[in-house]
Protein chains: 2
Amino acid sequence: MLRLTKKADYGLIALKFLAEHPEASAVSAKDVAEAYKIPAQLLAKILQTLTKKGLLRSQAGMNGGYALARDARAISAFEVILAIDGPLFITSCTKGEKSCELKTSCTIKEPLARVNETIAGVLQSISIQDLAEQARPAAKGQLEPLVSVTL
Amino acid sequence: MLRLTKKADYGLIALKFLAEHPEASAVSAKDVAEAYKIPAQLLAKILQTLTKKGLLRSQAGMNGGYALARDARAISAFEVILAIDGPLFITSCTKGEKSCELKTSCTIKEPLARVNETIAGVLQSISIQDLAEQARPAAKGQLEPLVSVTL
DNA sequence: GAAACACGGACCGGAACGGTCCTATACTGA
DNA sequence: TCAGTATAGGACCGTTCCGGTCCGTGTTTC
């Protein structure tokens with residue numbers, strides 16, 4: 001259903017990694033790439049765009065690299081995906097100029113748009129911190145609910 | 001976020017149309033295509049696959065066409081999308097043979113898989129009938145909630 | 001038997017995606 | 001100061017997928 005691009009995937013992985021290593025003042029793209037066997041050049045670009053979008057801070061030069069621009073709790077998965085893949089709507093006719101030629105045609109879109117909003121809401125409620133935490137504890141009791149949504 | 005292919009879009013539109021015309025014993029692909037300015041040949045194929053998946057009944061020959069195989073209430077948007085686009089997971093590494101080489105890498109995937117399940121749940125709870133109903137009433141009071149999900 | 005329909009394979013152009021290469025710039029440490 | 005390591009970013013490229021078309025076959029009705 002929801003398809004994440006590999007880039008968005010890589011981005012989330014990298015941010016999670018950064019969240020897990022707060023002690024390091026900066027982590028290079030190469031380090032992350034090697035840790036997860038991700039193409040280094042590609043990851044570098046992804047991190048660059050995340051930096052441009054204000055999610056990361058970067059430092060050039062030796063011992064340079066990237067660090068979270070904000071607290072891991074204040075960065076949502078939604079932001080990351082949005083920054084990397086850009087806005088993706090369900091509707092193929094993305095409410096651009098001419099909505100759908102035939103206004104009657106798009107009666108389906110309205111309910112689906114609400115589905116889209118739900119998904120966005122779910123993604124917004126999941127922080128990088130959540131990703132990092134869920135990763136470690138290894139089944140300590142059952143997982144607590146991440147979100148609860150109504151649309 | 002969630003991206004529907006145009007094919008799935010067309011499929012939903014067509015099913016909604018069929019749900020709105022229960023009096024007709026069969027509606028031809030051409031008719032639906034013309035009503036919504038959808039490429040006829042393309043729509044034909046979509047309806048064919050939906051027929052193969054058991055969502056539609058087809059009848060060849062003159063005055064033939066398609067009709068819902070079940071009650072519009074018993075067909076979910078999820079089924080339609082699944083039938084047309086096939087299973088789409090969030091994870092790029094679609095839990096195939098080798099999950100991700102590095103098992104440690106995929107710690108992100110588990111929370112996202114749950115997001116995916118939520119989306120699926122939302123889509124499953126929306127029937128073709130819902131789409132057809134939401135289309136008509138034209139703001140009779142506020143829209144009632146479609147779903148409520150917890151993950 | 002001809003028209004209208006469903007079926008289904010082959011094909012194709014374009015866009016997007018994943019990925020690489022190459023160059024420029026910035027910072028650090030010896 | 002110079003070499004090495006890092007970010008920054010443009011150009012490019014192969015593959016895949018998606019939307020769409022074309023063609024031929026089978027089936028039913030008039």
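Computation of the quantities below employed the complete heavy-atom set of this structure, encompassing side-chain atoms and omitting hydrogens, waters and symmetry-equivalent molecules. Quick note on labels: first sequence line is chain A, next is B, and so on, each numbered from 1.
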Check every strand shown and say whether B/Ala26 touches a base, only sugar-phosphate, or nothing at a heavy-atom separation below 4.0 Å. nothing
When rounded to whole Å, the CG to P distance for the pair B/Leu42 and C/dC7 reads 15 Å
Measure CG/B/Asp31 against C1'/C/dA6 and give the value in whole Å, please. 13 Å
Tell me the interatomic distance from A/Lys6, atom NZ, to C/dG19, atom C1', rounded to whole angstroms. 10 Å
Only pairs at least two apart or in different chains count here, so list each salt bridge (Lys or Arg N to Asp or Glu O under 4.0 Å) that has a residue in residues 60-81 of chain B. B/Arg70-B/Glu79, B/Asp71-B/Arg73
For residues 44-61 of chain B, dump all side-chain donor-acceptor pairs below 3.5 Å to protein atoms at least two apart in sequence or in another chain.
residue : atom : partner : partner atom : Å
B/Thr49 : OG1  : B/Ile46 : O            : 2.8
B/Thr51 : OG1  : B/Leu47 : O            : 2.7
B/Lys53 : NZ   : B/Ala83 : O            : 3.3

Give the rounded distance in Å between these two atoms: CZ of B/Arg3 and P of D/dG19. 9 Å
Could you tell me whether A/Ala29 contacts a base, only the sugar-phosphate backbone, or nothing, with contacts defined as non-hydrogen atoms closer than 4.0 Å? sugar-phosphate
Specify the residues of residues 46-58 of chain B, ordered by number, for which at least one heavy atom lies under 4.0 angstrom from an atom of DNA chain D. none
Just the rounded figure in Å: distance from P of C/dG19 to NZ of A/Lys37. 15 Å
B/Pro39: what forms a side chain to side chain contact (heavy atoms under 4.5 Å, CB included) with it, not counting sequence neighbours? B/Tyr10, B/Leu42
Excluding sequence neighbours, so at least two apart, what forms side chain to side chain donor-acceptor pair (under 3.5 Å) with B/Asp85? B/Thr5
Testing the basics here: between A/Glu23 and A/Glu20, what is the closest heavy-atom pair and its distance to 0.1 Å? OE1-O, 4.2 Å
Closest contact, heavy atoms only, A/Ala67 versus A/Ser25: CB-O, 3.5 Å
Could you tell me whether the side chain of B/Leu12 reaches within less than 4.5 Å of the side chain of B/Ile84, counting heavy atoms only? no
Could you go through nucleotides 21-24 of chain C and list every protein N or O atom that sits under 3.5 Å from one of its N or O atoms, giving the distance for each pair?
residue : atom : partner : partner atom : Å
C/dC22  : N4   : A/Gln41 : OE1          : 3.2

What's the OH-P distance between B/Tyr66 and C/dC5, to the nearest Å? 12 Å
Report the distance from atom NZ of A/Lys30 to atom P of D/dA8, rounded to the nearest whole Å. 17 Å
With the side chain counted from C-beta on, respond yes when A/Ile75 and A/Ser127 share a heavy-atom pair under 4.5 Å apart, and no when they do not. no
Minimum heavy-atom separation for B/Ser125 and B/Val122, please, with both atom names. OG-O, 2.7 Å
With a 4.0 Å limit, can you tell me whether A/Tyr10 has a side-chain N or O closer than that to the phosphate oxygens OP1/OP2 of C/dC17? no
Taking every non-hydrogen atom, the tightest pair across A/Ala33 and A/Leu43: N-CD1, 3.6 Å
Might you list the N or O atoms of the protein lying below 3.5 Å from N or O atoms in nucleotides 25-30 of chain D, with each pair's distance?
residue : atom : partner : partner atom : Å
D/dT28  : O2   : B/Met62 : N            : 3.4

Which heavy atom of B/Gln124 sits nearest a heavy atom of B/Ser76, and at what distance? O-CB, 3.3 Å
